[in-house]
Participant: 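Mind having a look at this structure? Questions to follow.
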Amino acid sequence: MQVPHPIQPSPPTNPHKRPHPQPHHQPHLHLHFPQLPHHALQLLTHLPPSPSLLFWWNRLIRTALRDAAPRKALNLYKQMLCLGWNPDHYTYPFVLKASGELPTSSCVGFSLHSHVCVNGYESNVFVSNALVAMYGKCGVLGDARKVFDEMSQRGVCDGVSWNSIVSAYARNGEPGAALGMFVLGGEVDAVSLVNVLPACASGGKEVHGYALRSGLVEDVYVGNAVVDMYAKCGMMGEAKKVFEGMEVKDLVTWNAMVTGFSQSGEFDDALVLFEKMWENEIELNVVTWSSVISGYAQRGLGFEAMDIFRKMILSRSAPNVVTLVSLLSGCAAVGALIQGREIHGYAIKHMLNRPYGDLGEDIKVQNALIDMYAKCKSFDTAHSLFNSVLPEERDVVTWTVMIGGYAQHGDANESFKLFSLMLQLAYIPNAFTISCCLVACARLSALRFGKQIHAYVIRNRFESAMLFVANCLIDMYSKCGDVDTARYVFNSMVQKNFISWTSLMTGYGMHGRGEEALQIFDRMQEAGFAPDGVTFVVVLYACSHSGMVYRGIKYFQTMQREYGVIQGAEHYACMVDLLGRAGRLNEALDLIKGMPIEPSPIVWFTLLSACRTHGNVELGEYVAGRLLDLESQNDGSYTLLSNMYANAGRWKDVARVRSLMRSAGIRKRPGCSWVQAKKGTASFFVGDRSNPQSQEIYELLADLIQRIKVLGYVPETSFALHDVDDEEKGDLLSEHSEKLALAYGILNSAPGTPIRITKNLRVCGDCHSAFTFISQIVDHEIILRDSSRFHHFKKGSCSCRGYW
DNA sequence: ATTGTCGTCT
């Protein structure tokens with residue numbers, strides 16, 4: 001068979017096959033190399049290996065690389081090996097580049113390296129340079145450096161070698177080493193600048209200056225890298241200046257600006273630029289679209305992200321994995337299940353299980369889908385999707401999204417099961433996994449499990465993520481009722497950030513330890529952290545839960561003047577709570593009336609809650625009216641109003657509210673409590689008799705109530721009736737979920753150990769009083785967490801000192 | 001032949 005000469009290939013002809021239709025915009029390609037890959041491959045597979053024809057294999061591999069199909073390139077390489085061909089020093093740089101572009105493991109790279117050595121090409125400078133680059137992209141810095149050092153010992157390093165090693169350090173989070181090698185390298189070209197600019201985290205003014213002086217800034221790659229460097233440093237002013245000064249801009253330049261604005265919080269500017277790209281009829285690529293979609297998604301604007309996606313499809317731009325992952329995270333953020341399903345359909349059709357597609361890419365879409373379904377509370381779909389991913393294809397994110405989904409939106413116990421299964425199957429959790437488990441612990445107040453996770457963290461050093469993990473531990477310990485251990489974790493931190501301080505302060509606030517919270521507030525400022533809006537919410541919350549009315553007012557008054565933090569609706573809500581708990585209802589009302597911004601439902605709700613506590617029906621009715629105008633679907637508002645009437649003995653009004661609720665189709669959320677004991681977590685609804693120990697529980701409860709009555713406990717009948725629901729029988733005082741949980745806790749805990757109870761709603765007043773008395777006669781400290789705060793009952797008193 | 005810019009998840 002006649003084979004075209006390799007140097008000037010003439011088109012191979014096959015009369016039996018019509019040429020494939022070629023895109024119209026590539027006429028030259030069509031003329032010179034029609035169907036090159038297809039026919040050449042056919043020829044090559046039928047020819048005996050010969051060095052003079054190796055050219056064709058190399059050419060095929062290069063073509064695959066140009067088509068951004070590295071897996072295909074590697075398959076070609078495999079194929080040629082199978083057919084008995086020997087690669088040469090031209091082949092290796094291509095295949096090494098291909099393996100570097102695969103998002104998954106370095107295994108391929110290692111075996112290619114061994115092929116290189118076996119065939120004796122490691123002394124070729126091109127091959128060695130490609131090896132350095134490949135190891136850099138696979139994140140194997142040590143081997144990149146080893147190859148580089150061997151070259152430099154032989155004295156064969158060229159400019160490309162230096163550029164490659166700089167790039168290796170820069171892209172693997174070693175900016176210092178990258179800059180060091182850049183300085184050592186001496187010879188500087190455009191590529192050197194492009195490689196070193198990402199390492200200039202705190203501004204690369206010098207490199208930018210050099211680019212200007214040398215004229216290399218004219219190179220559009222260099223200009224883009226400069227724009228991107230400023231954008232990543234948050235110096236959008238500088239970025240914009242460079243952008244406007246660039247004579248040659250390309251799509252990447254625009255994209256870098258759009259992303260820069262979006263990531264530095266100036267999303268409106270990003271959108272302006274995006275519009276401008278439309279107007280200038282710049283052909284947008286997948287990066288542009290993904291960038292805008294991710295901008296919306298990160299701001300929780302899932303529906304807007306969806307609109308951009310539709311626009312993208314209409315303009316015939318092909319979404320890729322990144323686009324879908326961004327989009328799904330937007331759907332997850334707003335719980336947009338329908339839209340999420342739409343994306344799922346799109347993914348099945350266009351994205352998953354493609355030939356030459358990469359499994360390492362597929363798993364990212366799968367993870368994002370699982371996350372989306374879990375956050376949209378479709379746990380069955382999420383779990384079956386999770387199960388459908390083969391265990392060997394799962395990665396740590398697959399596990400983490402599933403664990404996190406259950407922890408935050410579903411069954412936290414399920415998180416624990418998954419976590420232990422994950423460890424059994426020898427997957428390595430990362431800081432995010434740990435964080436999700438700690439969220440689950442906090443939700444259930446599962447202190448024992450939380451301590452096990454803490455122990456795991458100590459055994460398996462989390463080095464660079466330790467700050468993040470420790471912050472999560474502080475939160476977990478606080479929410480599990482052990483703020484002293486939270487403090488211990490805080491004290492032992494080598495490095496603290498804003499979140500560390502805020503978390504601990506929140507912890508003290510929750511436990512009514514306002515003095516300590518305010519000490520932390522002062523120490524935090526001494527440590528150089530300026531308080532912001534969130535900090536003041538925490539401060540005011542701590543004051544109100546500790547009865548520190550005067551100081552709360554003081555902070556509220558000075559936060560704007562002295563700290564420059566503008567008062568938002570959330571701060572007003574805290575103040576209403578603070579005044580309300582102290583019984584200063586009219587002052588709270590005046591505060592709301594004087595608000596410069598529209599009062600949010602939560603502000604009115606807080607006042608209504610205070611009206612109920614203090615039995616001010618007249619004001620309560622007014623407040624309820626305002627509240628229901630704003631938000632008529634919240635079961636809590638109706639319950640408060642009804643309880644308030646019950647308190648005042650106005651049973652007709654109670655019935656009126658109940659029927660109002662019924663006609664609006666609103667049901668009271670049932671109270672539920674759970675308790676940790678030796679046997680694990682047990683949960684109880686009102687009048688619950690499903691627990692196997694039910695009989696003992698009710699007997700113990702009756703006994704306890706008899707005994708505390710002697711001590712002066714009087715059942716508060718107003719509360720007894722407050723929860724009476726026409727449909728619910730047996731809603732008696734003694735059957736409240738928290739009382740059942742307490743009895744279970746006493747039955748199943750060793751004397752002297754604290755009993756930890758969590759309730760989904762606010763604790764009822766009668767239970768609070770009963771708990772106080774019971775703590776006098778049992779050998780247990782009782783730690784009760786309700787939806788508002790913690791109550792530590794000890795020897796006949798409660799930590800909330802009446803501010804509950 | 002080899003080194004180069006922009007977008008993603010927990």
Side-chain angles (χ1 to χ4, degrees), chain A residues 58-59 61-62 65 88-94 96-97 100 103 124-134 136-137 158-168 170-171 185 189-198 219-229 231-232 250-260 262-263 285-295 297-298 319-330 332 361 363-372 374-375 395-405 407-408 429-436 439:
Chain A
N58 293 342
R59 180 152 213 140
I61 293 172
R62 194 176 66 186
L65 258 182
D88 66 0
H89 53 289
Y90 283 94
T91 321
Y92 285 113
F94 295 137
L96 284 168
K97 183 172 182 160
N124 181 293
V125 69
F126 291 105
V127 175
S128 294
N129 286 343
L131 275 170
V132 175
M134 180 275 294
K137 283 178 191 154
D158 61 4
V160 175
S161 322
W162 285 99
N163 287 344
S164 301
I165 194 72
V166 170
S167 153
R171 71 170 71 231
D189 63 5
V191 180
S192 323
L193 294 181
V194 171
N195 282 334
V196 81
L197 274 163
D219 183 318
V220 69
Y221 277 70
V222 174
N224 291 344
V226 172
V227 169
D228 189 52
M229 179 272 295
K232 291 248 159 67
D250 66 4
L251 185 51
V252 175
T253 330
W254 287 89
N255 288 346
M257 285 299 288
V258 170
T259 311
S262 169
Q263 306 275 31
N285 69 0
V286 60
V287 177
T288 329
W289 292 104
S290 304
S291 206
V292 176
I293 288 172
S294 129
Q298 278 171 12
N320 65 9
V321 170
V322 179
T323 325
L324 291 207
V325 169
S326 304
L327 203 49
L328 285 168
S329 80
E361 295 275 280
I363 189 63
K364 294 193 175 185
V365 178
Q366 301 278 24
N367 291 346
L369 282 168
I370 295 169
D371 184 44
M372 182 276 294
K375 292 225 172 92
D395 62 12
V396 59
V397 181
T398 321
W399 288 93
T400 306
V401 291
M402 206 60 235
I403 291 171
Q408 279 183 357
N430 66 15
F432 291 102
T433 325
I434 298 297
S435 162
C436 291
V439 167

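Convention: sequence-line order gives letters A, B, ...; per-chain numbering from 1. The shown structure was predicted, so the numbers you read here are calculated from the model rather than taken from an experiment.
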Participant: Of A:V125, A:N124, A:N129, which is the lone residue that meets side chain to side chain contact (heavy atoms under 4.5 Å, CB included) with A:V127?
Facilitator: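 The residue from A:V125, A:N124, A:N129 that satisfies side chain to side chain contact (heavy atoms under 4.5 Å, CB included) with A:V127 turns out to be A:N124.
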Participant: When rounded to the nearest 0.5 angstrom, what is the spacing between OH in A:Y92 and CD1 in A:I61?
Facilitator: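 A:Y92 OH to A:I61 CD1: 10.0 Å, rounded to 0.5 Å.
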Participant: Which whole-number value in Å describes the distance from A:L193 CG to B:dT3 P?
Facilitator: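 The answer, rounded to whole Å, is 17 Å.
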Participant: Any side-chain N or O of A:R59 less than 4.0 Å from the OP1 or OP2 oxygen of B:dA1?
Facilitator: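 Indeed not, no polar side-chain atom of A:R59 lies that close.
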Participant: Rounded off to whole Å, could you give me the CG-to-P distance for the A:N255 and B:dC6 pair?
Facilitator: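 After rounding, the gap between these two atoms is 10 Å.
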Participant: Report the distance from atom OH of A:Y92 to atom P of B:dT2, rounded to the nearest whole Å.
Facilitator: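 Those two atoms, OH and P, are 16 Å apart.
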Participant: Quick check for you: among B:dG7, B:dC6, B:dT3, whose closest atom lies nearest to any side-chain atom of A:S294?
Facilitator: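 So the nucleotide nearest the side chain must be B:dG7.
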Participant: Would you indicate which nucleotide in B:dT3, B:dC9, B:dA1 comes nearest to any side-chain atom of A:V160?
Facilitator: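 Nearest to the side chain of A:V160 among the choices is B:dT3.
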Participant: Grab the OH-C1' distance between A:Y90 and B:dT2 for me, whole Å please.
Facilitator: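 Value for this atom pair: 12 Å.
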Participant: Quick one: CD on A:Q263 to OG on A:S294, what's the gap to the nearest 0.5 Å?
Facilitator: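 It is 6.0 Å, given to the nearest 0.5 Å.
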Participant: A:R62 has an atom CZ; how far is it from atom C1' of B:dA1, in whole Å?
Facilitator: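 A:R62 atom CZ is separated from B:dA1 atom C1' by 8 Å.
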Participant: A:N224 and side chain to side chain donor-acceptor pair (under 3.5 Å): which single residue from A:N255, A:D219, A:T253 fits?
Facilitator: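 Of all the options given, the one that passes is A:T253.
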Participant: Side chain of A:A190 only, please: which of B:dC6, B:dG4, B:dT10 is the nearest?
Facilitator: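 Ranking B:dC6, B:dG4, B:dT10 by closest atom to the A:A190 side chain puts B:dG4 first.
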Participant: A:V222 near the nucleic acid: base, sugar-phosphate alone, or nothing, with a heavy-atom cut-off under 4.0 Å?
Facilitator: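 Base, at least one base atom sits under 4.0 Å.
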Participant: Just compare B:dT5, B:dT10, B:dT2 and give me whichever is closest to any side-chain atom of A:D158.
Facilitator: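 From the listed options, B:dT2 comes nearest.
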Participant: A:S291 and A:T259: side-chain donor and acceptor closer than 3.5 Å?
Facilitator: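 Yes, side-chain donor-acceptor contact under 3.5 Å.
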Participant: Would you tell me if any nitrogen or oxygen in the side chain of A:K97 comes within less than 4.0 Å of OP1 or OP2 on B:dA1?
Facilitator: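 So the side chain of A:K97 is outside the cut-off, no N or O lying under 4.0 Å from OP1 or OP2 of B:dA1.
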Participant: To the side chain of A:F126, which of B:dT2, B:dT10, B:dC9 is closest?
Facilitator: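 Taking heavy atoms from C-beta onward, the closest nucleotide is B:dT2.
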Participant: Is there side-chain contact between A:P93 and A:L96, with at least one heavy-atom pair below 4.5 Å?
Facilitator: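 Result no, sub-4.5 Å side-chain heavy-atom pair not found.
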Participant: What's A:V397 touching, base or sugar-phosphate or nothing? Going by heavy atoms closer than 4.0 Å.
Facilitator: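 A:V397: base contact, heavy atoms under 4.0 Å.
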Participant: Atom CG of A:D88 and atom CG of A:N58: how far apart are they, to the nearest 0.5 Å?
Facilitator: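 So the CG of A:D88 and the CG of A:N58 are separated by 5.0 Å.
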Participant: If you only use heavy atoms from C-beta on, which nucleotide in B:dT3, B:dT8, B:dT2 is closest to the side chain of A:S326?
Facilitator: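 Shortest atom-to-atom distance from the side chain points to B:dT8.
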Participant: Which part of the nucleic acid, if any, lies within contact of A:V286, taking any heavy atom under 4.0 Å across all strands shown: a base, the sugar-phosphate backbone alone, or nothing?
Facilitator: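 Base, at least one base heavy atom under 4.0 Å.
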Participant: Among B:dA1, B:dT8, B:dG4, which nucleotide has an atom closest to any side-chain atom of A:F94?
Facilitator: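 Out of B:dA1, B:dT8, B:dG4, the nucleotide with an atom closest to A:F94's side chain is B:dA1.
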Participant: Categorize A:A133 for me: base, sugar-phosphate, or nothing, with a 4.0 angstrom heavy-atom threshold over every strand shown.
Facilitator: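 It contacts sugar-phosphate atoms only.
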Participant: Tell me the interatomic distance from A:D88, atom CG, to B:dT2, atom P, rounded to whole angstroms.
Facilitator: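 Distance, rounded to whole Å: 13 Å.
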Participant: Looking at A:S167, I'd like to know whether one of its side-chain N or O atoms comes within less than 4.0 Å of OP1 or OP2 on B:dG4.
Facilitator: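 True: A:S167 side-chain N/O within range (under 4.0 Å) of B:dG4 OP1/OP2.
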Participant: Nearest whole Å is fine: how far is B:dC6 P from A:L251 CG?
Facilitator: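 Computing the A:L251:CG to B:dC6:P distance gives 13 Å.
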Participant: Any N or O donor-acceptor pair linking the side chain of A:N320 to the base of B:dG7 at under 3.5 Å?
Facilitator: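 Donor-acceptor pair under 3.5 Å: yes.
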Participant: Quick one: label A:A332 by what it contacts on the DNA or RNA (base, sugar-phosphate, nothing), any heavy atom closer than 4.0 Å.
Facilitator: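 The residue A:A332 makes no contact with any strand.
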Participant: Do any side-chain nitrogens or oxygens of A:K232 fall under 4.0 Å of OP1 or OP2 in B:dT5?
Facilitator: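 A:K232 to B:dT5 OP1/OP2: no side-chain N or O under 4.0 Å.
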Participant: Mind calculating the distance between CE (A:M257) and P (B:dC6) to the nearest angstrom?
Facilitator: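 Roughly 15 Å, once rounded to whole Å.
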Participant: OP1 or OP2 of B:dT8 sitting under 4.0 Å from any side-chain N/O of A:Q263?
Facilitator: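 Yes, because at least one side-chain N or O of A:Q263 sits under 4.0 Å from OP1 or OP2 of B:dT8.
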Participant: Among the candidates B:dT5, B:dG4, B:dC9, find the nucleotide nearest to the side-chain atoms of A:D228.
Facilitator: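 Of the options given, the side chain of A:D228 lies nearest B:dT5.
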Participant: Any N or O donor-acceptor pair under 3.5 Å from the base of B:dG4 to the side chain of A:D219?
Facilitator: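 Side chain to base: pair present.
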Participant: Counting any heavy atom closer than 4.0 Å, what does A:S290 reach on the DNA or RNA strands: base, sugar-phosphate only, or nothing?
Facilitator: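 Touches a base.
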